[in-house]
2 protein chains.
Amino acid sequence: MTPSGVTSADGSGLPSQPLIAVDVVPMRWSAEGLAVGVARREFEPFAGRFALPGVLLGAGESLDDAAARALRTKAGIGRERVRHRFQIGAFDGPDRDPRRHAISIASAAVIDPAAEPATDDLRWEPVTEVPSLPFDHDLLVAETVRQLRTRLWHDDAVTRALTGPRFSTPDAVRLTAAVTGEEVHQSNLRRSLAAHAGLSSAPAPESAGRGRRPLVWAWSD
Amino acid sequence: MTPSGVTSADGSGLPSQPLIAVDVVPMRWSAEGLAVGVARREFEPFAGRFALPGVLLGAGESLDDAAARALRTKAGIGRERVRHRFQIGAFDGPDRDPRRHAISIASAAVIDPAAEPATDDLRWEPVTEVPSLPFDHDLLVAETVRQLRTRLWHDDAVTRALTGPRFSTPDAVRLTAAVTGEEVHQSNLRRSLAAHAGLSSAPAPESAGRGRRPLVWAWSD
DNA sequence: ACAAAAGTGTTGTGGTTACACCCATGA
DNA sequence: TCATGGGTGTAACCACAACACTTTTGT
């Protein structure tokens, strides 16, 4: 931002700075549960292994664009399938890249689970059994889940992205259990949904199973 | 993290990346209230104006080291006076630097108010009346205050850094009012302090004013 | 008719707020 | 002894958890 002893700075001479990676933690909620998207790495290091999608930040590129590029080029996930994205922090653990010092600006992205191609190069791992990942990606996943826990039902944008536009009461119970790890009483959760401004309940659209038809909730606007 | 069309990457050829600034929001709590530290800029752009201390991240430099360097070289605040530091996020508003696209990794630092030199190049502005700052620094200050609000009395490290090692009950009331903007009942706050593991109350050390001597709280460990 | 699944009602509890009152201190 | 300022007690309230009970649906 200002010339200093450490950099040559100022546009003309290229400053000598660490690599900046933009990593994304793709999250998906579906009937199969809460899952993390990992993609097979094409290049070294760790070529062939699965890891979170990430790219090096380009000159003039915004964080948002870089995250979208990571999802598209590394995981084949287009922007239209990203329901919401939020930053989880900047990480600079010394061992995060074996090649050289690098800093990661990481974010979580909630992905629309509809019409998943399920290629050989993108796997959705259940959040409870994510295999060990290279770099510091285990840490990024843990931090993402921690933040989801605090934001679910408190941050509308995140919650709406996870549920999708419509969801039933038992869906909400399952989602809460998957995110927090704790069972919630359906009756109490239902009450808080009814109290939630921004949610409206449709009566009961179609039959789904044996018992009584659940209420279906829709986000207003 | 991996070669891509946008970068030349990989150690030998320098990648073309945006400037990475590390900005710090110095916060101080004292008898005068809650204040933000702003330093006079020595170089362009905005030379002569007051702004938050910030430096360009150096190669091989950790975020922690860069933040410490910003505080030391731009605001004359040594590491021993930094009680606590925490990240508030990465910012990339397009207008944040008039020269070129730059990204800021920002953190808040709680500074020991003891023995403040109060030079001509460092000013402590009351948090309620911070003047408009260059770059996106207004945003960084707002985000810092927002985070302090949620962390006070919930995040021990932050709270301890603000209060210092010892503080009286009325100190706690004033601190809470300064951070949240809301008045709290001393009686209730006192109760929650008593319930707080990690705080112990000393009886009543010395006289300070007219009324009854307040309890003084000390952080254990 | 029965079992399954979801909605409804009720009770208890912990934490928070508000406020009246008591106690210590200095002038 | 009085004003000042902090501590103590207590009642009202609210959010939430737990659980019993009722209603709807498919077989």
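Given the structure is predicted, the values throughout are model-derived calculations rather than measurements. Chain letters run A, B, ... following the sequence lines, proteins first and then strands; every chain starts at 1.
Residue pairs meeting the salt bridge (charged side-chain N to carboxylate O under 4.0 Å, His left out) criterion with at least one member in residues 151-161 of chain B, sequence neighbours excluded: B:Arg151-B:Asp155.
Atom CD of B:Glu183 is separated from atom C1' of C:dT17 by 14 Å (rounded to the nearest Å). For the pair B:His185 NE2 and C:dA20 P, the interatomic distance rounds to 10 Å; values are reported in whole Å. Atom P of nucleotide C:dT16 and atom CH2 of B:Trp153 are separated by 14 Å, given to the nearest angstrom.
Side-chain atoms of B:Ser30 and B:Glu32 form a donor-acceptor pair, as typed in the model, at a separation below 3.5 Å.
Between A:Asp112 and A:Arg28 there is no salt bridge, since no side-chain N of the basic residue sits under 4.0 Å from a carboxylate O of the acidic one.
Remark: A:Arg123 engages A:Glu125 in a salt bridge (Lys or Arg N to Asp or Glu O under 4.0 Å) (not counting sequence neighbours).
Across every non-hydrogen atom of B:Thr159 and B:His154, the tightest pair is OG1-N, 4.2 Å.
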What does the B/S/- profile of nucleotides 1-9 of chain C look like, 5' to 3', with a 4.0 Å heavy-atom cutoff to protein? ---BBSSBB

